[in-house]
Amino acid sequence: TELGFRAVKGTAVRPHEWPDPNNKMVDELAQAQAYRALFRALRSSDVRGVFLWKWYTDPNTQEEGPAGFSPRAKQAEAVLGKAFAR
């Protein structure tokens with residue numbers, strides 16, 4: 001299962017509709033909350049693995065900017081760390 005949320009307001013409303021050039025309102029908290037809600041829901045499901053969209057293997061890659069999908073160095077990174085530590 002692939003999942004990902006941009007760091008923008010309303011990211012959990014229609015995460016499949018991207019890119020949305022009109023939504024550039026950076027909101028790291030919204031991204032973190034979306035991941036938190038997702039992992040809470042997955043606890044009671046049969047899903048046993050996920051692919052994170054879009055975490056670059058090169059930490060210097062900043063193609064999307066602060067509103068992008070990558071959780072690196074954002075609040076969502078800590079949420080993902082806790083979820084995968086379980």
Side-chain angles (χ1 to χ4, degrees):
T1 298
E2 178 182 279
L3 57 95
F5 298 98
R6 291 179 59 214
V8 294
K9 289 198 179 296
T11 191
V13 176
R14 289 190 174 96
H16 61 286
E17 292 181 3
W18 69 277
D20 180 357
N22 299 318
N23 191 354
K24 295 180 181 173
M25 296 176 62
V26 176
D27 190 342
E28 286 188 28
L29 181 59
Q31 183 187 41
Q33 290 173 327
Y35 277 116
R36 199 172 289 117
L38 175 83
F39 282 106
R40 196 170 29 248
L42 287 178
R43 281 188 216 139
S44 61
S45 78
D46 292 332
V47 174
R48 296 293 176 243
V50 295
F51 174 80
L52 293 177
W53 182 265
K54 199 171 191 187
W55 196 318
Y56 297 98
T57 55
D58 180 354
N60 297 316
T61 300
Q62 295 295 324
E63 294 177 12
E64 298 180 320
F69 282 91
S70 178
R72 185 184 309 277
K74 297 177 186 170
Q75 295 176 37
E77 184 174 17
V79 173
L80 294 169
K82 285 182 181 179
F84 284 103
R86 291 186 183 135

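Sequential numbering from 1 along the given sequence is applied to the chain's residues.
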Can you get from [X] to [Y] by hopping between Ile, Leu, Val, Met, Phe, Trp and Tyr side chains that sit under 4.5 Å apart?
| X | Y | value |
| --- | --- | --- |
| Leu38 | Trp53 | no |
| Phe84 | Leu3 | yes |
| Phe39 | Val47 | yes |
| Val79 | Leu42 | yes |

Worked verdict on Gln75 versus Leu29 for side-chain contact (heavy atoms from CB on, under 4.5 Å): CA-CA 6 Å; Gln75 295 176 37; Leu29 181 59; 3.5 Å; yes

What is the distance from atom [atom1] of [X] to atom [atom2] of [Y], rounded to the nearest 0.5 Å?
| X | Y | atom1 | atom2 | answer |
| --- | --- | --- | --- | --- |
| Lys74 | Arg6 | NZ | CZ | 9.0 Å |
| Glu77 | Trp55 | CD | CH2 | 4.0 Å |
| Tyr56 | Arg72 | OH | CZ | 10.5 Å |

Closest approach of Pro66 to Val26 (non-hydrogen atoms, all atoms of both residues):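 Minimum heavy-atom contact is O-CG1, 3.9 Å.
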
Considering all heavy atoms, the nearest Thr11-Ala30 contact: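 Nearest pair, atom of Thr11 first, then Ala30: CG2-O, 3.6 Å.
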
Any Gln31 side-chain heavy atom under 4.5 Å of Tyr35 side chain: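 When only atoms from C-beta onward are counted, Tyr35 and Gln31 do touch, with a gap below 4.5 Å.
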
Of all pairs that satisfy salt bridge (charged side-chain N to carboxylate O under 4.0 Å, His left out), the ones with a partner from residues 26-40, not counting sequence neighbours: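 The answer is Lys9-Asp27.
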
